[in-house]
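Read through the structure below, which is laid out as structure tokens, and then see the notes.
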Amino acid sequence: AQTVTQSQPEMSVQEAETVTLSCTYDTSESDYYLFWYKQPPSRQMILVIRQEAYKQQNATENRFSVNFQKAAKSFSLKISDSQLGDAAMYFCAYRRLQEYGNKLVFGAGTILRVKS
Amino acid sequence: GAVVSQHPSRVICKSGTSVKIECRSLDFQATTMFWYRQFPKQSLMLMATSNEGSKATYEQGVEKDKFLINHASLTLSTLTVTSAHPEDSSFYICSARGRDYEQYFGPGTRLTVT
């Protein structure tokens, strides 16, 4: 079974600075998808970024980028120019290919605090 | 596009009663929906996978007789917590699988059992 580990329960960053959230996962599969979700105080889950394992290029979405190290099974999220609105709980998640179902396996989450 | 709603957003019920939570995909059809439970500052725990027109698939340890799931149409899945007790108090989140196979999440329902 696949597992996702987020080893940082809480992180803090100063506004306008950069922060990196860590995620490692365990799988025996070669193709899969990885995600970072943001859950702000409203508790609405928001997709931040998506990475397909067969793509070598790291995904980016504006101020959010990932460092995908497939061999090391690592998938960290970098937030640049942090803003107060980035304060939230961030979840790393794994999903198998479509034909194996669409279940998401979530990590325990990292609470990100942004200081002004 | 790909909007999912949940109703109610919060509900308070008395111990022993049943409560129904609705999950709707507003602008797309979803043959598969998922139900999660989340405790404060914890991760989402998958309870069951709901498939339109068939029985739900429950995760290990989830009581199917307590958490009844009905996916009667391509846009609606319901979760009924039967004979609710205070320990069932939690935040329940649904998601719907879109045509792109991604999950789109509802805003969640806070259940408080008194």
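A note on names: the letters A, B, ... follow the listed sequences, proteins ahead of strands, and every chain is numbered from 1.
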Nearest-0.5 Å distance, CZ of residue A:Arg50 to CG of residue B:Asp100: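 Answer for the CZ-CG pair, A:Arg50 versus B:Asp100, is 7.0 Å.
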
Between CZ on residue A:Arg43 and CD1 on residue B:Ile93, distance to nearest 0.5 Å: 6.5 Å

Among the options A:Ala108, A:Ser42, A:Gly109, A:Pro9, pick out the one with the most heavy-atom pairs lying under 4.5 Å from chain B.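 Most heavy-atom pairs within the cutoff with chain B belong to A:Ala108.
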
Contacting moiety of [X], where chain B heavy atoms sit under 4.5 Å:
{"X": "A:Leu104", "result": "both"}
{"X": "A:Gln6", "result": "neither"}
{"X": "A:Met45", "result": "both"}

Count I, L, V, M, F, W, Y as connected when their side-chain heavy atoms are under 4.5 Å apart, and connections chain through other members. Are [X] and [Y] then in the same cluster?
{"X": "B:Met33", "Y": "B:Met47", "value": "no"}
{"X": "A:Ile79", "Y": "A:Leu47", "value": "no"}
{"X": "B:Phe91", "Y": "B:Val19", "value": "no"}
{"X": "B:Leu68", "Y": "B:Phe34", "value": "no"}
{"X": "A:Tyr94", "Y": "A:Leu97", "value": "no"}

Yes or no on side chain to side chain contact (heavy atoms under 4.5 Å, CB included) for B:Leu46 and A:Phe106, after CA distance, side-chain angles and deciding distance? CA-CA 9 Å; B:Leu46 180 64; A:Phe106 287 97; over 6 Å; no

Measure [X] against the heavy atoms of chain A and call it side chain, backbone, both or neither at under 4.5 Å.
{"X": "B:Gln6", "result": "neither"}
{"X": "B:Leu44", "result": "both"}
{"X": "B:Tyr104", "result": "neither"}

Within 6.0 Å of [atom1] in [X], more than 12 heavy atoms from elsewhere:
{"X": "B:His7", "atom1": "NE2", "answer": "no"}
{"X": "B:Lys66", "atom1": "NZ", "answer": "yes"}
{"X": "B:Arg99", "atom1": "CZ", "answer": "no"}
{"X": "A:Lys78", "atom1": "NZ", "answer": "no"}
{"X": "A:Gln56", "atom1": "CD", "answer": "no"}

Would you say the side-chain atoms of B:Gln103 and A:Arg95 include a donor-acceptor pair closer than 3.5 Å? no

Backbone N or O of B:Phe105 within a donor-acceptor pair of the A:Gln44 side chain at under 3.5 Å? yes

B:Ser43 (side chain) donor-acceptor with A:Gly107 (main chain) under 3.5 angstrom: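 Between the backbone of A:Gly107 and the side chain of B:Ser43 there is a qualifying donor-acceptor contact (under 3.5 Å).
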
If you count heavy-atom pairs within less than 4.5 Å of chain A, which of B:Glu102, B:Arg97, B:Lys41 leads?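 Heavy-atom pair counts peak at B:Glu102.
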
Non-hydrogen side-chain atoms of A:Lys103 and B:Thr49 separated by less than 4.5 Å: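 In contact.
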
Over all atoms of both residues, closest heavy-atom pair of A:Phe91 and B:Gln42: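 Taking A:Phe91 first and B:Gln42 second, the nearest heavy atoms are CZ-O, 3.7 Å.
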
Go through the steps to decide whether A:Tyr33 and B:Tyr101 satisfy the test ring-ring contact (aromatic ring centres under 6.0 Å, His included), and finish with yes or no. CA-CA 11 Å; A:Tyr33 299 92; B:Tyr101 296 97; 9.1 Å; no

